[in-house]
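Please read through the structure below; I'll follow up with questions.
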Amino acid sequence: EKTAQAVETVAVQRMDIKSTVEATGTIRPVDSVEVSSKITARINSVLVKENDVVTAGQVVATLDGKDYEAKRDQAQYRVTNTRAKYNRMSYLESIGAKSKSDLEDAEYNYDTAQSTLEEANSDASETIITAPISGVVVGEPKTAGTMAVQGSDNPTVIMRIADLSKKQIKAKVDETDIGNIRIGQEATFTVDAFTDKKFTARVSKISQTDVTNSWDTSSSSSSASSSTSVIYYYVTLDVDDPENLLLPAMTARVVINTADRNDALVVPLSTLKTDAAGSYVLVLQEDGTQETRYVETGIYSDEYVEILSGLSEGERVVSTYTAKIVPMSMQAGGP
């Protein structure tokens, strides 16, 4: 049995390499709000349109407040009425014509009327809708005549305002890679709208739970995930976009730089093999024989692996498997 001598080798060399993690995510504004109404009323006027720049506190819409103004007028009348009754009762009680209990009832009615007036004033003031943050109107606002419904569950969204000066990427990172991600790591990404342009970003947040909260068996929202499903974690990156080219919901293909090594001792990934004892390479000796050499590895790039110990610069490692030439008699099952 002989070993074929024709083997390809590569030299152990030094170079700068970087380890990266790839992920896909979505561009979104850091700050965005849905503007809805605290009262149910028809929209009277919408004073802004899509893409308008607004400042916090600016009036962006008005609601039809006739019903609320009528309630406020009624509440004001009731306050005037109960105040007069209270003053009269106070005088009668002071001269002994009415009991203290009657005076307390009149005081209670007056206090209640004042509370109702405050509430009616508050509701009437809610007919003026102002921008809660400074930013840009994203998407088409609702039109005048639409009924704006209040509610905690499903209120009518009159418009959306987003601060597009600060953007983020919410990226999904595979569980096999999440351990290498650290806050502050630099990243580059591309979007389909500008294929030849590379944008930069930085890791700002790493979620402590996976995308579907699959670990929370008590939660009805988490479906029973099979053992074959891939687990992802959300990683948030702050985006640099000085030219303001990026739009919300664009798909970002992100490459996060997880480690850098300058002047590292490396071999191509194709030369590295593993067995139960660890990682090894085949080193070609001067006499043509091959030595199995176990190595300690560092970081991995797309094509190279860092060698921390076991090899010296300039040694040649085999980059292809050696073919064993088996005698014909053995192949044929002969003696």
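Atoms considered below: every heavy atom in the structure, side chains included; atoms not considered: hydrogens, waters and symmetry mates. On a predicted model such as this, the values are computed, not experimentally measured, just so you know.
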Do V138 and I158 share a hydrophobic cluster, counting only Ile, Leu, Val, Met, Phe, Trp and Tyr and linking them when any side-chain heavy atoms are less than 4.5 Å apart?
->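 Different clusters: V138 never reaches I158 through Ile, Leu, Val, Met, Phe, Trp or Tyr contacts under 4.5 Å.
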Does atom CD of Q285 have more than 12 heavy-atom neighbours from other groups under 6.0 Å away?
->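 Atom CD in Q285 is packed in, count exceeds 12.
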Name all pairs fulfilling the side chain to side chain donor-acceptor pair (under 3.5 Å) condition that reach into residues 118-138, sequence neighbours left out, sorted by first residue then second.
->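 Passing the test, one end in residues 118-138: no pairs.
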Hey, is R202 close enough to D240 for a salt bridge, meaning N to O under 4.0 Å?
->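 Result for this pair is yes, salt bridge flagged.
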For N87, check side-chain contact (heavy atoms from CB on, under 4.5 Å) against everything at least two apart and list the hits.
->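 Result, side-chain contact (heavy atoms from CB on, under 4.5 Å) vs N87: R83.
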Which of these, V266, V305, D263, sits in a side chain to side chain contact (heavy atoms under 4.5 Å, CB included) with I17?
->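 Of all the options given, the one that passes is V266.
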Taking atom types as modelled, is there a side-chain donor on S45 or T62 under 3.5 Å from an acceptor on the other?
->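 Present: a donor and an acceptor within the cut-off.
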Atom OH of Y294 with >12 non-hydrogen neighbours under 6.0 angstrom =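 More than 12 heavy atoms, drawn from other residues, nucleotides or ligands, come within 6.0 Å of this atom.
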With a 4.5 Å heavy-atom cut-off, do S37 and L63 have their side chains touching?
->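 The answer is yes; the side chains approach within 4.5 Å.
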Atom pair OG1/OH of T20 and Y300 - distance to nearest 0.5 Å |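 With rounding to 0.5 Å, OG1 (T20) is 14.5 Å from OH (Y300).
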Roughly how far, to the nearest 0.5 Å, is the NZ atom of K167 from the CG atom of D241?
->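 Atom-to-atom, D241:CG and K167:NZ are 3.5 Å apart.
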Anything under 30° is parallel, anything over 60° is perpendicular, the rest tilted; go ahead and classify F194 against F199.
->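 Perpendicular: the ring planes of F194 and F199 meet at over 60°.
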Sorted by first residue and then second, give each salt bridge (charged side-chain N to carboxylate O under 4.0 Å, His left out) pair with at least one member in residues 170-199; sequence neighbours left out.
->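 Every pair satisfying salt bridge (charged side-chain N to carboxylate O under 4.0 Å, His left out) with a residue in residues 170-199: D192-R253, K197-E243.
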